[in-house]
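To start, the structure itself, in structure tokens.
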Amino acid sequence: MKTTVSRIAGHATDLFVDGAWRKPASGRYFASYDPSTGAPWYEAADGGEEDVDAAVNAATQALQDAAWNAITPTRRGGLMHRLAALIDDNKEDLAQMETRDNGKIIGETRAQTGYLPDYFNYFAGMADKIHGEVLPINKTGMLNFTMREPVGVVGVIVPWNSPLSILATALAPCLAVGNTVVAKPSEHTSASALALAELCMEAGFPAGVVNVVSGYGESAGHALSRHPGVAKIAFTGGTDTGRKIASNAAANLTPCTLELGGKSPHVIFDDADLERAVNGVVAGIFAAAGQTCVAGSRCFVHESIYDRMVDRVAARARAIRIGRPEDPNTQLGPLALQSQLEKVQRYVQYGLDQGATLAAGGGRPPIKGNGWYFQPTVFSAARNDMKIARDEIFGPVVCMISFRDEADLIAQANDSVYGLAAGVWTRDIDRALRFARAVDAGTVWVNTYRSASFVSPAGGFKWSGYGKHNGFEAVREYTRVKSVVIDHSGLGRDAFVIQLK
Ligand code: NDP
């Protein structure tokens, strides 16, 4: 019995705890909606505190069981390779599931699920290459070495925009280093996390290593973030929610990795390859209907080419094919949530009220039915101090802002509470490097945008959060370092003096 699109459509899903399906203690289920029609398509279990507690207990038990903690790192990597192969076998169904759940176009979800096997294989390869060090301690007759250990139970709280990929950014390094996981998907997109947990079992991970508790943020998410049995929280989502989670976790001094919002500057200098730059800007904001944390939502253009660039970006925006997300010809699907649609509409009005001009879009496209569609929208005459340039809209809306020179650009680009990502288009390498050094952003792309890689550390500064995923940085996030000091000198030492030599 697999969680597939055909099996869950019209049915109810349960929680996945300790390797088995479990009914929620509340006995309640809630609807998950298809954004392309606005209609419910399955019901997810309304997990709460009691269910989170059961999942954390199962994850704690799994940490203590030899089936997980005595497995060799190479074998652990082997399980992950097997999981990667199973994801590969199921990638089409997983893509269909994501598209149905959050409205992301099928071309994007296929790309995401097609990328996941490599993601898991990469971390699988790390499983037996993580080690401590022997340190040249400044004491005679002593040996000091470090061990890099799993942190324990990791609570992973996932949003709705890329549920499976974002879960994988925490799950893959967590499994590679030997942690156990309790995941709380968004109430809007529970299906793919449950399917992934099932694949983990099929791959041979022991019961309790991967658990999924669906439910609401304020109940299941809240309970997970304040559970004393959780050693680390990995959260991706909005900045306000990130604050609540960090504050809950602080009660137990539980460390967090927070991947939060962004308002990323995407810059075009007058010496750029303008064709490529326009492509980059269009893909940087309209991919996933702008619902990505790294969306290049503030596009800074040198004043000498500003009007030309606005025209070109607007023309490209108007040509985007909007339609049903499962149609492979569609370039822009609906927004994932009705509340997101309403938020985007509100922000377009703020933009107009503050004097920005619509160069493209700004309204609902003429698509039949009740889907949550919105046109790709380009604001010209936008200023960095406008609300549309200050707040994360999380929709297909780009603000075109002009700049005079590099100093003006950096001042404007960094005048934001966020610091997640940035992009720059120029043929001048010195200028690109000056920008990369000066900008407050965790990732800087030069003559490309949204080029993600599992080797490349990602994570923001300022209100975009802290901690990194991808690469060895992710291993650091999910391990703890223990220092072991051994006296093998055979010397008697004074019991009341700390040994300085
Ligand atoms: P949230 O930040 O609220 O949701 C992310 C996850 O956190 C979901 O699983 C959610 O559950 C959970 N959650 C919500 N409240 C709590 C809580 N008090 N304690 C623990 N977990 C909680 O995203 P929203 O859907 O509210 O989106 C709001 C804004 O956040 C968006 O408009 C966008 O600007 C930004 N955002 C950024 C994302 C990113 O990738 N950086 C991703 C998603 C949103 P549930 O869904 O059940 O509420």
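Counting convention: from 1, in listed order, for ligands and their atoms alike.
Between Leu337 and ligand 1, a contact under 3.5 Å exists for no N or O pair. Residue Asn161 places at least one N or O, backbone or side chain, under 3.5 Å from an N or O of ligand 1. For ligand 1, the polar-atom distance check finds an N/O of Lys184 within less than 3.5 Å of one of the ligand's N/O atoms.
Of all protein heavy atoms, the one lying nearest to atom 34 (O) of ligand 1 is Glu392 OE1, 2.7 Å. Closest to atom 20 (C) of ligand 1, if we only count protein heavy atoms, is Gly221 C, 3.2 Å. From the protein, the heavy atom lying nearest to atom 30 (O) of ligand 1 is Gly238 CA, 3.1 Å. The protein atom (non-hydrogen) at minimum distance from atom 12 (C) of ligand 1 is Ile157 CG2, 3.7 Å. Of the protein's heavy atoms, Thr241 CG2, 3.4 Å lies nearest to atom 15 (N) of ligand 1.
Using a 30° and 60° split on the angle between ring planes, Tyr350 and Tyr347 fall in the perpendicular class, above 60°.
When each atom of ligand 1 is checked for a heavy atom of Tyr216 under 4.0 Å away, the hits are 47 (O).
Counting heavy atoms under 4.0 Å from ligand 1, residue Leu260 touches it through the backbone alone. Within the 4.0 Å heavy-atom criterion, both parts of Glu187, backbone and side chain, lie near ligand 1. Contact annotation: for Pro185 versus ligand 1, heavy atoms closer than 4.0 Å belong to the backbone alone. If you look at Val158 next to ligand 1, the close heavy atoms, those under 4.0 Å, all belong to the backbone. At a 4.0 Å heavy-atom cut-off, ligand 1 does not touch Gln291 at all.
Listed by chain and number, the residues in a side chain to side chain donor-acceptor pair (under 3.5 Å) with Arg450 amount to none (sequence neighbours excluded).
No cation-pi contact links Arg364 to Trp372, judged by a cut-off of 6.0 Å to the six-membered ring centre and 45° from its axis.
Protein heavy atoms all stay at least 4.0 Å away from atom 28 (C) of ligand 1.
Atom 44 (C) of ligand 1 has its nearest heavy-atom neighbour, among Tyr418, Phe394, Phe30, in Phe394. In this structure, of Gly217, Pro163, Ala220, Ser214, the residue bringing a heavy atom nearest to atom 17 (C) of ligand 1 is Gly217.
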